[in-house]
Amino acid sequence: MDAPKAGYAFEYLIETLNDSSHKKFFDVSKLGGTKYDVLPYSIRVLLEAAVRNCDGFLMKKEDVMNILDWKTKQSNVEVPFFPARVLLQDFTGIPAMVDFAAMREAVKTLGGDPKKVHPACPTDLTVDHSLQIDFSKCAIQNAPNPGGGDLQKAGKLSPLKVQPKKLPCRGQTTCRGSCDSGELGRNSGTFSSQIENTPILCPFHLQPVPEPETVLKNQEVEFGRNRERLQFFKWSSRVFKNVAVIPPGTGMAHQVNLEYLSRVVFEEKDLLFPDSVVGTDSHITMVNGLGILGWGVGGIETEAVMLGLPVSLTLPEVVGCELTGSSNPFVTSIDVVLGITKHLRQVGVAGKFVEFFGSGVSQLSIVDRTTIANMCPEYGAILSFFPVDNVTLKHLEHTGFSKAKLESMETYLKAVKLFRNDQNSSGEPEYSQVIQINLNSIVPSVSGPKRPQDRVAVTDMKSDFQACLNEKVGFKGFQIAAEKQKDIVSIHYEGSEYKLSHGSVVIAAVISCTNNCNPSVMLAAGLLAKKAVEAGLRVKPYIRTSLSPGSGMVTHYLSSSGVLPYLSKLGFEIVGYGCSTCVGNTAPLSEAVLNAVKQGDLVTCGILSGNKNFEGRLCDCVRANYLASPPLVVAYAIAGTVNIDFQTEPLGTDSTGKNIYLHDIWPSREEVHRVEEEHVILSMFKALKDKIEMGNKRWNSLEAPDSVLFPWDLKSTYIRCPSFFDKLTKEPVALQAIENAHVLLYLGDSVTTDHISPAGSIARNSAAAKYLTNRGLTPREFNSYGARRGNDAVMTRGTFANIKLFNKFIGKPAPKTIHFPSGQTLDVFEAAELYQKEGIPLIILAGKKYGSGNSRDWAAKGPYLLGVKAVLAESYEKIHKDHLIGIGIAPLQFLPGENADSLGLSGRETFSLTFPEELSPGITLNIQTSTGKVFSVIASFEDDVEITLYKHGGLLNFVARKFS
């Protein structure tokens, strides 16, 4: 079906921008009179996208009116949303791009032109979002864990590892020779070749210096591990329009999204409209701080947008968060973030938009706002929106936006009333609920020891940790017997003796996720490190320290400000760019520490500047984990324990024996801002953009095909042409009856996408492991399901492979089922494979809330490739139900009050179902079993779009036929 031209119903709203006759825009402020003026800013962005994309099919005029009537329709209606662009990170980008490559094959087979197959909207893909730390300063000699790829066969690092050239002294009085000969140079880690995308400067000479060896080693391992994926990504960037690949070694998805990809206002064929984005990372919300509407969604949602379909969401409630006052000079942005996080969790904003307003908003810099918005997933909101204002424009000016661009942006945003002004004469928008937060009430704090919402004032840290030792095991407690709370265990490490006790810090990580977008807190950590080193303070060598900046710009300003060598002196050496310690990718602790923890049953601690600190996440032997600002991470690492009162107890002593307290080395806010002004400047943002666009040596020299069709390597275990299009016909065939289907799995309530979708490491006794072993791989080379998402054979074998899957046929948790024709108990994949060979269709029986949890594309794709034709459940998680339809699986629902038990179904019967020629939303169908029982079910289709997709056999087939 060819839809009418988008926006046709509202062409009368198109106007010309005052300052340029060729730039046009939809003036949505003229729609609905005063209704528009009281809409929250975030809803106004939804409305503009609806008006611009209204085609009468995917976006109906009724949808536009529902958004305009937000005040009465919120929480009651579903609305479609067409974001301006899509952001993919590496793991989730692979299956999406593989599907597009396979679609080109299918279109050619049907006689169409494969060159027409492209994503429908701009798609940016970052290929090194997830970093695994194989090397750190303390573990530089550790053998890496290649986990796949070709690196282990190479046997050595690349020729890029070269000895640095010594830079000649230029007569500076502080210089003692070449740049690598001073004390800081000698003690800040071994250096190797200069990184291409991070212009590191010597703090004494402001000359380029080489990159720490740990970065190159980790990048080398990552590059070898993921070579096939990188070649595929490079091919994708060459042949697909609208696809841009951010080179490896640049940074993770949400950071690059903020620093490089954000437009704020799009200009496409002289049409202006607000920037908006969805992506496969929960921290897409970081860009909300720039006034960009965006949030994280699942792989299928992003792929649907790439294929030209909207994201569907319930018209949300919008909580207005009024900020008043200004924060204490000693409070960092992280304190503000954690304070707001706790407040919003207590209020309850899950599933809602949060929008900030009030006089306090102007007190927050853009980096403060983006840090707050980045924590959005931790308090459960869909997004946290800061409308564009003068602070935003000033920031964009510093980051390289031209004067002309800023002028047209401001003119446009004011014309459509998307520009926030404290002196707004028309007043603030109306919100579903308003909460107030006084910034003056926020005090320096950390969060933990097990959950990010459990905030602890730094002044109360010692007493709170003691209380945690006493409390029963739970959200905070560890239940350590009183007589054991003073236990001390001695360890020998690198020739010296140290003592560990409850509260000892063993992991300290300044990591990328939340803080690198805020120069003030990163610079504060560096300045604190500088003062600590100058005072003679050190970090104990057994503490696993690391610094993962997230982008080259962070490395740049830490280097050019002169603080990076001091961080390195304390052990905080750069290990790479990407999510690392926060997601559990830390290097292993030393055997001495592990043995001491085990011997004394010690509650040791990790301290990190991320946003997730669940128990055991960093390391299963580290039970207490605290989130803190970067300077506090450094401070606790120096102290060596969280069992300290910074107000009354010293961090250590200087060379004269004088006690050094935290307040002696804590940088003032004015000092931090001065350094920030001097070093976080236009040239740095421009340098980062240039480096991204130039790529790096490994990426630039990587060979990749540029053919219209991807040349699939039949021997590859990473990239494989999926079988979604194997039976595709040029026109959709009539809906086929499901006849004599067997039940593959009989499941209970609350089966999550984690139970269904392949995730984590590949177990050695799994069907996926057998597949890889048969292709000559060793367990060391298996890598993870995430890394192999481009291989449907691996992913299908990993579907329902979760060891906690409870199948009623088996009676205990296990990834097993019964193949009823033979009576064998088999792995789920092996049983499904037998059924497919026998030509027997499959269904799944389930209870309530089938498919709950995170959105995962393979939770639908996997069952489809196993041969599942329908799922029959009591109820569904809506997003997962949409995914089933999108892949071509019928979502059937028991009538209210009925389930398999009440109907006397054992699951051992066969089931038959016939579809009428004309389906309608919510139609009732009859199922007949092999025992003669007949019962009614609901076909859980909600609208004509879902029915159309299902008739085509899913979204992929629907779009492929359009290209044919």
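Atoms considered below: every heavy atom in the structure, side chains included; atoms not considered: hydrogens, waters and symmetry mates.
- Asp37 has no carboxylate O lying under 4.0 Å from a charged side-chain N of Lys71, or vice versa, which leaves the two without a salt bridge.
- Remark: side-chain polar atoms of Arg369 are paired, donor with acceptor, to backbone N or O of Leu364 under 3.5 angstrom.
- Scanning for salt bridge (charged side-chain N to carboxylate O under 4.0 Å, His left out) contacts around Glu731 gives an empty result, with sequence neighbours left out.
- Side-chain contact check for Lys849 and Ser875: no donor-acceptor pair (N or O, by modelled atom type) lies under 3.5 Å.
- Taking all atoms of both residues into account, the shortest heavy-atom contact from Ala96 to Glu303 is CA-OE1, 3.7 Å.
- In this structure Phe725 satisfies the ring-ring contact (aromatic ring centres under 6.0 Å, His included) test with no other residue, sequence neighbours excluded.
- Between Asn390 and Lys394, every side-chain heavy-atom pair lies at or beyond the 4.5 Å cut-off.
- For Lys108, the salt bridge (charged side-chain N to carboxylate O under 4.0 Å, His left out) test picks out no residue, with sequence neighbours left out.
- Side chains of Thr392 and Asp389: a donor on one and an acceptor on the other come within 3.5 Å.
- With hydrogens and angles left out, the side-chain atoms of Thr324 and Gln436 include no donor and acceptor closer than 3.5 Å.
- Side-chain contact check for Ser365 versus His395: every heavy-atom pair is 4.5 Å or farther apart.
- In this structure Glu105 satisfies the salt bridge (charged side-chain N to carboxylate O under 4.0 Å, His left out) test with no other residue, sequence neighbours excluded.
- Between Lys414 and Glu410 there is a salt bridge, with a side-chain nitrogen of the basic residue lying less than 4.0 Å from a carboxylate oxygen of the acidic one.
- Cation-pi geometry between Lys73 and Trp70 is not met at under 6.0 angstrom from the ring centre and within 45 degrees of the axis.
- Nearest approach of Val349 to Tyr379, heavy atoms of both residues: CG2-O, 3.4 Å.
- With 3.5 Å as the limit, one finds no donor-acceptor pair spanning the side chains of Gln893 and Tyr876.
- Inspection of the Thr280 and Gln89 side chains reveals no N or O donor paired with an N or O acceptor under 3.5 Å.
- Applying the side-chain contact (heavy atoms from CB on, under 4.5 Å) test to Pro80 and every residue at least two apart in sequence or in another chain returns Met59, Asp63, Pro310.
- For Arg420 and Ser362, the side-chain atoms include at least one donor-acceptor pair closer than 3.5 Å.
- Using cut-offs of 30° and 60° for the angle between ring planes, the Phe273 and Phe266 rings count as parallel.
- Under the 6.0 Å distance and 45° angle rule, Lys61 counts as a cation-pi partner of Phe10.
- With sequence neighbours left out, the side chain to side chain donor-acceptor pair (under 3.5 Å) criterion links Lys116 to no other residue.
- Between Lys30 and Glu15, at least one side-chain nitrogen of the basic residue sits less than 4.0 Å from a carboxylate oxygen of the acidic one, meeting the salt-bridge criterion.
- Below 30°, between 30° and 60°, or above 60°: for Trp295 and Phe81 the angle between ring planes is below 30°, a parallel geometry.
- Classification of the Phe386-Phe356 ring pair by plane angle, with boundaries at 30° and 60°, yields parallel.
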